[in-house]
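This report concerns only the one structure given below.
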Amino acid sequence: MTLSPARVRFAPSPTGYLHIGGARTALYNYLLAKQTGGQFILRIEDTDQARLVADAMEEQMNGLRWLGLHWDEGPDVGGPCGPYIQSQRTEIHRAHAEQLVAMGKAYYCFCAKERLEALRAEQLALKRQPRYDGHCRNIPLAEAKARKAAGESCVIRFKVPTEVKTTVHDVLRGGITVDNSTLDDFIILKSDGLSLYHLAAMVDDHLMGITHVIRSSEWIPSLPKHALILRAFGWGEPQWVHLSVFLKPSGKGKMSKRETANLKAEEGHSIFVRDMSELGYLPEAVLNWIALMGWSLDDKTDVLTLDEMIRGFSIERLNPAPAAISFDKLDHYSGVHIRALPPEELAKRIKPYFDQAGLNADESALLRIVPLIQVRIATLDESVSMAGFFFRDRIDYDPAGLIPKGMDAASALAALHRSIDLLGSLPDLAHPTTEPPMRALASELKLKPAQLFGILRLAITGQQISPPLFETIALLDRETVFARLAKAETYLRGE
RNA sequence: GCCCCCAUCGUCUAGUGGACUAGGACGCGGCCCUUUCAAGGCCAAAACCGGGGUUCGAAUCCCCGUGGGGGCACCA
């Protein structure tokens with residue numbers, strides 16, 4: 001499919017950190033831009049200065065970078081349509097608001113907040129939808145200008161055409177029609193001279209040549225307002241694409257702020273991109289996960305790389321229904337993408353987790369253990385709990401575990417003793433050297449392999465669950481192996 | 001309360017009037033493999049929200065219910 005280049009934007013508000021909902025919106029925008037040879041633009045919507053979070057903008061960008069969603073134009077890289085931070089475009093917005101006033105499509109409103117609040121309370125009491133009553137709608141422009149010039153505080157409201165319906169076309173949902181009477185004359189410029197989202201976003205989208213607006217469906221209710229603004233200016237409309245929201249795993253509603261904040265501590269999951277790395281997830285896995293919540297390539301593909309998504313993406317295959325998130329699925333994709341990594345790459349990726357754990361593991365050492373753990377870990381951080389013992393000076397475990405089911409301390413000790421003798425008699429501890437005689441020993445002692453090897457496993461790794469025993473022994477220093485076996489012997493003697 | 005959107009296995013989804021005995025994936029259960037744990041292989045259970053239309057024929061189109069979701073700020 002050949003499409004003309006799309007200019008799309010991801011426009012987060014720096015009032016919070018990048019979460020999977022935002023990331024998925026960014027992803028779809030990115031995919032369309034890359035597929036069509038267009039541009040992916042990052043624009044920061046910080047017109048509400050009161051709600052700013054200090055490091056939110058930087059964190060939003062870090063999140064996108066971590067996912068590999070690099071923008072062509074944005075605050076840091078610039079571009080032909082800058083600035084890309086809305087608070088630096090206030091003059092542009094103000095001029096456009098004034099232009100609408102001059103065109104008779106907007107008006108100055110002098111209503112005090114108190115009056116508005118009273119009006120609102122009254123309407124709510126009557127169980128009516130709170131709406132501006134048009135109090136200042138018909139003040140003659142000359143009079144309004146005079147009052148404004150005299151220093152009276154005012155806002156600019158958009159004059160919504162009355163007595164008609166407005167229909168806007170959404171690519172996924174078709175025509176969305178509302179009666180204009182359900183819209184009120186909304187404010188487009190605040191009394192402090194700053195634009196509100198509705199005006200700022202439309203002006204900037206137009207000026208930046210945005211061809212497709214792909215955003216969350218929570219914008220659907222204000223879609224008519226946006227179309228009305230565009231039409232008032234006589235501008236064309238972009239393709240509107242409203243994505244469905246993510247629901248909590250139960251499918252019952254969106255995640256609350258509290259649930260979102262406690263997720264990580266309570267169950268080791270998070271919806272924030274900046275937590276994903278710490279939790280051991282690959283960006284590839286996160287991308288795969290969010291891409292398929294609301295989009296599908298076909299009836300069977302479920303593992304995709306970013307490149308494959310770019311090639312296969314299409315707006316038509318977006319699903320408008322809300323989707324419950326599933327962390328089980330994230331874990332699954334995580335495992336899939338870890339297994340798909342070349343060993344050298346996996347060694348590189350797990351290195352920081354060993355560093356973090358205070359273990360001195362260089363990449364070449366890690367590369368040797370990767371074959372033992374690659375299919376056994378679902379997240380990168382699990383590499384430490386699985387293979388940390390390779391790099392620890394001492395290992396701690398409960399000696400009770402040295403006695404397998406069906407055995408007692410004496411028989412376990414005897415088995416361990418025989419194993420030490422046998423291993424000590426071998427020319428080396430390579431896997432092919434150790435396994436056959438050890439199996440023979442097990443059968444001679446009338447033990448199941450699981451029993452005998454279980455004793456050694458705990459003795460050598462300190463873990464009930466570990467990489468395969470003989471491969472592990474082969475990688476460990478000879479001295480370490482025998483020291484740990486000797487230590488286990490002392491435990492079993494009850495020392 | 002009002003407005004808008006959505007509706008296929010528990011979950012993510014395929015399905016755009018006949019190819020549907022409704023496909024795939026996660027999860028769940030069983031079996032195989034097996035030195036633990038995984039991975040892998042095989043098998044199973046599991047869905048078209050309800051009611052009316054339209055049509056020779058409806059998961060697919062229309063209407064009404066119901067359920068779910070979103071929105072109703074000098075927030076975005």
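Any value given below was found using the heavy atoms of this structure, including those in side chains, with hydrogens, waters and symmetry copies removed.
Across all strands shown, B:C56 is found opposite B:G18 as a Watson-Crick or G-U wobble partner, with both distances under 3.5 Å. Summarising the base pairing, B:C49 is matched to B:G65 through a Watson-Crick or G-U wobble pair whose two defining distances lie under 3.5 Å.
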Output one line per pair: protein atom, nucleotide atom from nucleotides 31-34 of chain B, and distance, for all N/O pairs under 3.5 Å.
none

Review item, nucleotides 74-76 of chain B N/O atoms under 3.5 Å of protein N/O:
from  : atom 1 : to       : atom 2 : distance (Å)
B:C74 : O2     : A:Ser191 : N      : 3.0
B:C74 : O2     : A:Ser191 : OG     : 2.9
B:C74 : N3     : A:Ser191 : OG     : 3.0
B:C75 : OP2    : A:Lys190 : NZ     : 3.3
B:C75 : O2'    : A:Asp48  : OD2    : 2.4
B:C75 : O2'    : A:Arg51  : NE     : 2.8
B:C75 : O2'    : A:Arg51  : NH2    : 2.9
B:C75 : O2     : A:Arg51  : NH2    : 3.2
B:A76 : OP1    : A:Thr47  : OG1    : 2.4
B:A76 : OP1    : A:Asp48  : N      : 3.3
B:A76 : OP2    : A:Tyr197 : N      : 3.0
B:A76 : O4'    : A:Arg51  : NH2    : 3.2
B:A76 : O3'    : A:Glu45  : O      : 3.3

Please list, for nucleotides 4-9 of chain B, all pairs of protein and nucleotide N/O atoms separated by less than 3.5 Å.
from : atom 1 : to       : atom 2 : distance (Å)
B:C5 : O2'    : A:Arg173 : NH1    : 2.5

Atom pairs, N/O to N/O, protein against nucleotides 20-23 of chain B, distance under 3.5 Å?
from  : atom 1 : to       : atom 2 : distance (Å)
B:G23 : N2     : A:Asp299 : O      : 3.1

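Mapping A:Leu318 and A:Phe470 onto RNA chain B by nearest heavy atom places A:Leu318 at the nucleotide closer to the 5' end.
Contacts between residues 328-342 of chain A and RNA chain B, defined by a heavy-atom separation below 4.0 Å, involve A:Asp328, A:Lys329, A:His332, A:Arg339, listed by number. For RNA chain B, the residues of residues 243-258 of chain A within the heavy-atom distance limit of 4.0 Å (strictly under) are A:Val245, A:Lys252, A:Gly253, A:Lys254, sorted by number. Within residues 444-462 of chain A, the residues approached by RNA chain B to less than 4.0 Å at the level of any non-hydrogen atom are A:Pro449, A:Ala450, A:Phe453, A:Arg457, in residue-number order.
Close placement of the A:Phe470 and A:Phe453 rings is indicated, their centers lying within 6.0 Å of each other.
Screening residues 431-452 of chain A for salt bridge (charged side-chain N to carboxylate O under 4.0 Å, His left out), with sequence neighbours left out, gives A:Arg418-A:Glu444, A:Glu435-A:Arg439.
Under the salt bridge (Lys or Arg N to Asp or Glu O under 4.0 Å) criterion, A:Glu345 pairs with A:Arg349, sequence neighbours left out. Partners of A:His19 by side-chain contact (heavy atoms from CB on, under 4.5 Å), not counting sequence neighbours, listed by chain and number: A:Ile271, A:Phe272. Remark: A:Arg392 engages A:Leu359, A:Val384 in a side-chain contact (heavy atoms from CB on, under 4.5 Å) (not counting sequence neighbours). For A:Glu259, the side chain to side chain donor-acceptor pair (under 3.5 Å) test picks out A:Lys248, A:Ser256, with sequence neighbours left out.
For the pair A:Arg147 and A:Tyr108, the cation-pi criterion (under 6.0 Å, within 45° of the ring axis) is not fulfilled.
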